[in-house]
**Q** 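There's a structure below that I have some questions on.
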Amino acid sequence: MLQEGALEVLAAAARSGSHEAMADLYAAFRPMVVLRCRAELDRTVSDSAADASCLAVLEAVREGSLEAVRDGSELNQPFLRLLYARTSVAIARAASDGFSGGPLASPTALPVVERDVLVLRLIVGLGTEATATSLARTTDEVSLDLHRALQRLRKLPSANAIREILTPI
């Protein structure tokens, strides 16, 4: 697991045009993207969605505008927020094509924010601060969302239901 801020340092180096830094950045963030896509999408498309997300992120870094997220957000957005946004777009596209069958795809199990916090914290392995940065939330909100998500999971009818939701692919 990377130290907090290590992705920001790699992203800054990659923006400077270094091909080696770009390769290091890709190697650092791709496993996180794959884990998230596999948690939220059907196995048949999760890796393709992860590849699409990674390409979109690398293109944004290469262009030097980490904030060129389509929603018009501010410049100098943290790299983790860009990564989360681009991965969310790739997941949404795959889901709109009918491939949303991952372990955490069930909208009835958890609200979207809680599911996102759960995926980033427990499956991807981000810390509280990195998760907060990714979701544009405070660390207190992330902690509360994680607590609520875990409480909801504990109320499911059986331990098997929790395993079905959280089983890694």
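On a predicted model such as this, the values are computed, not experimentally measured, just so you know. Any value given below was found using the heavy atoms of this structure, including those in side chains, with hydrogens, waters and symmetry copies removed.
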**Q** Do any N or O atoms from the side chain of Thr133 and from the backbone of Glu129 form a donor-acceptor pair under 3.5 angstrom?
**A**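 Yes, Thr133 side chain to Glu129 backbone: donor-acceptor pair under 3.5 Å.
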**Q** Looking at residues at least two apart in the chain, or sitting in another chain, which of them share a salt bridge (charged side-chain N to carboxylate O under 4.0 Å, His left out) with Arg30?
**A**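 Checked Arg30 against salt bridge (charged side-chain N to carboxylate O under 4.0 Å, His left out); matches are Asp51.
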**Q** For Val45 and Ala94, which heavy atoms make the closest approach, and how far apart are they?
**A**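 In this case the closest contact between Val45 and Ala94 is CG2-CB, 4.3 Å.
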**Q** When you compare the side chains of Ser53 and Arg36, does any donor N or O come within less than 3.5 Å of an acceptor on the partner?
**A**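 There is no such pair (donor and acceptor under 3.5 Å, judged by atom type) between the side chains of Ser53 and Arg36.
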**Q** Is there a path of hydrophobic side-chain contacts, each under 4.5 Å between heavy atoms of I/L/V/M/F/W/Y residues, joining Leu80 to Leu146?
**A**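 Same hydrophobic cluster.
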**Q** Start with the C-alpha distance between Val124 and Thr131, add both sets of side-chain angles, then the distance that settles side-chain contact (heavy atoms from CB on, under 4.5 Å), and finish with yes or no.
**A** CA-CA 10 Å; Val124 175; Thr131 301; over 6 Å; no
**Q** At what distance, to the nearest 0.5 angstrom, does CD of Glu141 lie from OG1 of Thr128?
**A**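 Answer rounded to 0.5 Å: 12.5 Å.
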**Q** With sequence neighbours left out, what residues match Asp24 under salt bridge (charged side-chain N to carboxylate O under 4.0 Å, His left out)?
**A**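 Asp24: no salt bridge (charged side-chain N to carboxylate O under 4.0 Å, His left out) contacts found.
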**Q** Answer with yes or no whether the hydrophobic clustering places Leu122 together with Leu35; edges join I, L, V, M, F, W, Y residues whose side-chain heavy atoms lie under 4.5 Å apart.
**A**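 Yes, Leu122 connects to Leu35 through the hydrophobic network.
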**Q** Please determine whether residues Leu83 and Val34 belong to a single hydrophobic cluster, defined as Ile, Leu, Val, Met, Phe, Trp and Tyr linked transitively by side-chain heavy-atom distances below 4.5 Å.
**A**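 The answer is no; the residues belong to distinct hydrophobic clusters.
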**Q** Measure the OH-CG distance between Tyr26 and Leu55 for me, rounded to the nearest 0.5 Å.
**A**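 With rounding to 0.5 Å, OH (Tyr26) is 7.0 Å from CG (Leu55).
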**Q** Using 0.5 Å steps for rounding, measure from the CZ atom of Arg62 to the CZ atom of Arg15.
**A**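 These two atoms lie 15.0 Å from each other.
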**Q** Checking Asp140 against Thr138: is there a side-chain donor and acceptor pair closer than 3.5 Å?
**A**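 The answer is no; no qualifying pair exists.
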**Q** What's the shortest heavy-atom distance between Ala28 and Leu10, and which atoms?
**A**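 Nearest heavy atoms, Ala28 then Leu10: CB-CD1, 3.8 Å.
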**Q** Within the distance-only criterion (no hydrogens, no angle test), does the side chain of Arg148 pair as donor or acceptor with the backbone N or O of Glu114 below 3.5 angstrom?
**A**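 It does not hold such a pair.
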**Q** Measure the spacing between CG of Asp47 and SG of Cys37 and express it to the nearest 0.5 Å.
**A**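 Spacing of CG (Asp47) from SG (Cys37) equals 8.0 Å.
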**Q** Would a single hydrophobic cluster contain both Val9 and Leu58, if residues Ile, Leu, Val, Met, Phe, Trp and Tyr are joined by side-chain heavy-atom contacts under 4.5 Å?
**A**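 No, Leu58 does not connect to Val9 through the hydrophobic network.
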**Q** Please report the C-alpha distance between Arg43 and Arg38 in whole Å, then the side-chain angles of each, then the deciding distance to 0.1 Å, and finally whether the side-chain contact (heavy atoms from CB on, under 4.5 Å) criterion is met.
**A** CA-CA 6 Å; Arg43 292 178 191 201; Arg38 287 181 179 175; over 6 Å; no
**Q** Taking all non-hydrogen atoms of both residues, which atom of Ile123 and which atom of Ala39 are closest, and how far apart?
**A**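 Heavy atoms of Ile123 and Ala39 come nearest at CD1-CB, 3.8 Å.
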**Q** Indicate whether the side chain of Gln151 and that of Arg154 have a donor and an acceptor atom separated by less than 3.5 Å.
**A**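 Yes, because at least one side-chain N or O of Gln151 sits under 3.5 Å from a partner of the opposite role on Arg154.
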**Q** Looking at Asp145, Asp116, Leu126, Val142, which hits side chain to side chain contact (heavy atoms under 4.5 Å, CB included) with Arg121?
**A**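 That would be Val142.
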**Q** Given Met32, which of Thr87, Leu120, Leu7 fulfils the side chain to side chain contact (heavy atoms under 4.5 Å, CB included) condition?
**A**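 The single option meeting the side chain to side chain contact (heavy atoms under 4.5 Å, CB included) with Met32 is Leu7.
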**Q** Between CZ of Arg81 and CZ of Arg86, what distance do you get to the nearest 0.5 Å?
**A**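 Reported value, rounded in 0.5 Å steps: 14.0 Å.
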**Q** Looking at CD of Glu59 and SG of Cys54, how far apart are the two atoms once the value is rounded to the nearest 0.5 Å?
**A**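 Between Glu59 CD and Cys54 SG, I get 13.0 Å after rounding to 0.5 Å.
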